[in-house]
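Just so it is clear, the values below take in all heavy atoms, side chains as well, and ignore hydrogens, waters and symmetry mates.
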Amino acid sequence: QVQLKESGGGLVQAGGSLRLSCIFSGSTSIFNAIGWYRQAPGKQRELVAGISRDDNRNYADFVKGRFTISRDNAKNTVYLQMNSLQPEDTAVYYCNGRRMEVGGGEIKQVDYWGQGTQVTVSS
């Protein structure tokens with residue numbers, strides 16, 4: 001069974017930094033892509049950053065230059081380094097693993113989610 005778990009959230013002042021970790025129960029190589037998403041109260045869940053199996057990375061415009069996604073395959077862990085945090089970054093941050101799975105002769109995209117970690121940035 002695939003399991004993901006986030007950690008590293010907390011309370012920081014504006015301008016501060018946090019590093020989030022997403023620990024996988026197995027190798028991260030089984031996923032085509034791994035991403036960090038966030039969801040604030042009353043808002044839709046949105047993509048923050050993603051990393052592919054071949055190490056290509058992409059970022060939402062609102063975090064470019066501030067956040068960095070990286071991976072340590074030996075530790076089965078994906079990180080999100082967050083710098084220059086602002087109150088607008090306050091949200092629950094979720095880790096996502098996406099892969100193709102075959103069942104009953106059918107191929108489909110499947111997403112796996114962690115339970116999230118709270119990030120709160122004060123003014």
Open item on the list: One pair to check against side chain to side chain contact (heavy atoms under 4.5 Å, CB included): Tyr93 and Gln118. What are the steps and the verdict?
Closed with: CA-CA 6 Å; Tyr93 284 71; Gln118 177 70 48; over 6 Å; no

Task: Backbone of Asn76 reached by a side-chain donor or acceptor of Arg71 within 3.5 Å - done: no

Task: Within one Ile-Leu-Val-Met-Phe-Trp-Tyr cluster: Trp113 and Val2, side-chain cutoff 4.5 Å - done: no

Open item on the list: Let me confirm one number: the CZ-CZ distance from Phe67 to Arg19, rounded to the nearest 0.5 Å.
Closed with: 15.0 Å

- [ ] Establish, from distance only, whether the side-chain atoms of Ser52 and Asn32 form a donor-acceptor pair under 3.5 Å.
- [x] no

Open item on the list: Let me confirm one number: the CG-CZ distance from Asp111 to Arg99, rounded to the nearest 0.5 Å.
Closed with: 12.0 Å

Task: Ion pair check, Asp89 and Arg66, cut-off under 4.0 Å - done: yes

Open item on the list: Quick test of your reading of the model: are Glu46 and Arg38 salt-bridged, counting only N-O distances below 4.0 Å?
Closed with: yes

Open item on the list: Any side-chain to backbone donor/acceptor pair from Glu6 onto Gly116? Under 3.5 Å, distance only.
Closed with: yes

TODO: Run the numbers on Gln81 and Ser17 for side chain to side chain contact (heavy atoms under 4.5 Å, CB included), then give the verdict.
DONE: CA-CA 8 Å; Gln81 178 66 47; Ser17 299; 4.0 Å; yes

TODO: Please check if Phe62 and Val119 belong to a single hydrophobic cluster, counting links between Ile, Leu, Val, Met, Phe, Trp and Tyr side chain heavy atoms closer than 4.5 Å.
DONE: yes

- [ ] State the OG-CZ distance between Ser70 and Arg57, to the nearest 0.5 angstrom.
- [x] 6.0 Å

Open item on the list: Any side-chain to backbone donor/acceptor pair from Thr90 onto Thr120? Under 3.5 Å, distance only.
Closed with: no

Task: Point-to-point distance, once rounded to the nearest 0.5 Å, from SG of Cys95 to CG of Leu20 - done: 9.5 Å

Task: Same apolar cluster: Ile69 and Tyr112, side chain cutoff 4.5 Å - done: yes

TODO: Could you tell me whether the side chain of Ser25 and the main chain of Gln3 form a donor-acceptor pair under 3.5 Å?
DONE: yes

- [ ] Count the heavy atoms belonging to other residues, nucleotides or ligands that lie under 6.0 Å from CD of Gln109, then report whether that count exceeds 12.
- [x] yes

Task: Value rounded to 0.5 Å, distance of OG1 in Thr28 from CG in Leu4 - done: 10.0 Å

Task: Gln39, CD: over 12 other non-hydrogen atoms inside 6.0 angstrom - done: yes

- [ ] Determine, using the 4.5 Å side-chain heavy-atom cutoff (strictly less than), whether Ile34 and Val63 are members of one ILVMFWY cluster.
- [x] yes

TODO: Return yes if some donor-acceptor pair links the side-chain N/O of Arg53 with the main-chain N/O of Ser29 below 3.5 Å, else return no.
DONE: yes

Task: Test side chain to side chain contact (heavy atoms under 4.5 Å, CB included) applied to Thr68 and Tyr59, step by step - done: CA-CA 8 Å; Thr68 303; Tyr59 300 91; 3.8 Å; yes

Open item on the list: Using 30° and 60° as the class boundaries, would you call the ring planes of Phe31 and Phe24 parallel, tilted or perpendicular?
Closed with: tilted

Task: Shortest non-hydrogen contact from Pro87 toward Ala14 - done: CD-CB, 4.2 Å

TODO: Take Asp72 and Thr77, measure what side chain to side chain donor-acceptor pair (under 3.5 Å) needs, and give me the verdict at the end.
DONE: CA-CA 5 Å; Asp72 187 333; Thr77 302; over 6 Å; no

Task: Same cluster (ILVMFWY, side-chain, under 4.5 Å), Tyr94 and Val121 - done: no

- [ ] Among Asn96, Leu80, Leu47, Ile51, find the one that has a side-chain contact (heavy atoms from CB on, under 4.5 Å) with Trp36.
- [x] Leu80

